[in-house]
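Just follow the structure's listing: the first ligand is 1, and inside any ligand the first atom is 1.
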Amino acid sequence: MDGSIPPKTEKGTGAADAPFYLAQSDEREVFRAAADNNLPILLKGPTGCGKTRFVAHMAAQLERPLYTVACHDDLAASDLIGRYLLKGGETIWVDGPLTRAVREGAICYLDEVVEARKDVTVVLHPLTDDRRILPIDRTGEELEAAPGFMLVASYNPGYQSILKTLKPSTRQRFISVEFDFPAPDVEIRVVAAESGLPIDRVKPLVRLAGKLRDLKGQDLEEGVSTRLVVYAATLIAQGMNVDRAIRAAMIEPLTDDEDIKRGLLDLVAAVFG
Ligand code: ADP
């Protein structure tokens with residue numbers, strides 16, 4: 001063990017009952033084409049705009065198992081590949097999520113890949129060209145990806161800094177699809193479906209979200225995510241007072257600055273007043 005935090009991994013079922021996903025554009029067709037041609041794909045876009053849901057939906061549609069890894073700044077290549085563990089006095093090799101996906105022909109989704117340590121990208125390179133191999137230094141194996149293996153990564157260009165950006169040598173190995181918050185008519189349907197709140201009551205929440213997003217780069221670092229709009233609508237659908245729900249789900253998560261908060265509450269009043 002190298003002592004780093006193990007990655008959060010989920011294994012999807014690949015069942016035909018795909019999680020609900022409403023397309024923003026032609027992203028499903030692009031994903032399918034990438035899957036058919038063994039091409040890795042990079043999803044760029046702000047947090048909470050539907051990238052993870054999209055991958056879960058596509059994996060189920062394609063009936064491929066899915067391994068999702070939420071990357072963080074302590075995530076090392078060994079967390080993805082695997083490690084030797086002591087079990088009952090014996091040392092055994094345990095595959096990491098990337099290795100399992102390579103062996104099984106599954107989709108491996110690296111969420112927020114720029115967060116991971118530098119050695120992770122080195123591991124990805126031979127998997128993202130036509131060799132499709134994963135060298136495992138510790139066991140001496142060189143795994144060839146099983147048919148169906150697909151590498152999907154996401155990142156949020158908004159968080160870019162000099163230290164945390166994808167190098168051209170890495171990003172030019174992926175097909176890229178740009179995501180943004182859904183257009184209002186799509187977002188209204190998404191929020192209504194996810195929360196159970198009637199469309200008419202969702203509409204002003206989505207209007208407010210649009211106004212909050214316009215403040216990105218001025219008062220706010222990031223606009224409000226679709227995820228937060230879903231949370232607000234869910235609280236309202238459960239009977240919470242609208243003002244309280246908006247404050248808890250769409251204002252407080254955006255800023256700690258009291259002056260900015262007051263300005264945001266004025267916006268709420270303008271939309272709902
Ligand atoms: P990201 O991975 O971009 O951070 P998620 O995929 O976790 O965002 O999306 C957050 C939530 O927003 C989802 O759980 C879902 O409720 C909702 N959502 C956003 N976009 C869509 C969409 N197009 N279809 C269905 N649900 C969506």
Side-chain angles (χ1 to χ4, degrees), residues 7-12 17-32 41-62 66-73 75 97 107-116 150-160 164 166 174 176-199 201-203 205-210 212-213 216 220-238 245-246 248-250 253-254:
K8 191 170 146 269
T9 311
E10 285 160 30
K11 187 170 184 285
D17 53 331
F20 167 71
Y21 178 76
L22 208 54
Q24 294 189 13
S25 167
D26 60 355
E27 65 271 26
R28 281 189 297 208
E29 288 73 25
V30 176
F31 194 102
R32 227 172 236 285
I41 191 163
L42 183 65
L43 313 177
K44 304 193 286 180
T47 182
C49 73
K51 301 184 295 297
T52 304
R53 176 64 67 89
F54 171 61
V55 178
H57 172 85
M58 291 309 299
Q61 289 277 325
L62 294 166
L66 169 67
Y67 290 92
T68 298
V69 182
C71 299
H72 52 74
D73 53 10
L75 186 98
I107 295 175
C108 184
Y109 174 45
L110 305 178
D111 190 11
E112 288 296 341
V113 70
V114 272
E115 294 293 328
M150 182 179 185
L151 189 64
V152 183
S154 75
Y155 89 113
N156 177 354
Y159 286 154
Q160 265 194 27
K164 287 207 167 150
L166 273 186
F174 290 82
S176 289
V177 178
E178 192 170 10
F179 276 70
D180 205 344
F181 298 115
D185 58 322
V186 175
E187 191 164 38
I188 289 167
R189 282 152 65 204
V190 165
V191 174
E194 292 285 291
S195 67
L197 194 67
I199 293 270
R201 301 190 69 196
V202 169
K203 280 182 180 168
L205 292 175
V206 169
R207 213 175 321 131
L208 173 64
L212 292 170
R213 285 169 195 155
K216 187 187 163 189
L220 298 177
E221 205 177 324
E222 279 275 302
V224 68
S225 65
T226 302
R227 180 189 292 119
L228 287 176
V229 186
V230 169
Y231 288 170
T234 303
L235 294 176
I236 295 167
Q238 295 297 312
I246 289 176
M250 292 176 70
L254 300 187

Which of the ligand 1 atoms, numbered from 1, are nearer than 4.0 Å to a heavy atom of Thr47: 4 (O)
Taking atom 15 (C) of ligand 1 as the reference point, the nearest protein heavy atom with its distance: Glu194 OE1, 3.4 Å
Option passing side-chain contact (heavy atoms from CB on, under 4.5 Å) with Leu110 (candidates Leu151, Leu75, Leu42, Val152): Leu151
Shortest protein contact, atom 7 (O) of ligand 1 (heavy atom only): Arg227 NH2, 2.9 Å
Ligand 1 atoms in contact with Thr52 (distance to a heavy atom under 4.0 Å): 1 (P), 2 (O), 6 (O), 7 (O)
Chi angles and distances behind the side-chain contact (heavy atoms from CB on, under 4.5 Å) call for Asp111, Val55: CA-CA 10 Å; Asp111 190 11; Val55 178; over 6 Å; no
Atom 8 (O) of ligand 1 [closest protein heavy-atom partner, distance rounded to 0.1 Å]: Gly50 N, 3.1 Å
Atom 23 (N) of ligand 1 - nearest protein heavy atom and its distance: Leu22 O, 2.7 Å
Check ion pair Glu187-Arg213 (N to O, under 4.0 angstrom): yes
Between CZ on residue Arg28 and OH on residue Tyr21, distance to nearest 0.5 Å: 7.5 Å
Check: Phe179 main-chain N/O paired with Lys51 side-chain donor or acceptor under 3.5 Å: no
Pair Lys44-Tyr155, side-chain contact (heavy atoms from CB on, under 4.5 Å): steps then yes or no: CA-CA 5 Å; Lys44 304 193 286 180; Tyr155 89 113; 3.6 Å; yes
Contacting atoms of ligand 1, where contact means under 4.0 angstrom from a heavy atom of Phe20: 25 (C)
Which residue and heavy atom of the protein sit nearest atom 27 (C) of ligand 1, plus the separation: Val190 CG1, 3.3 Å
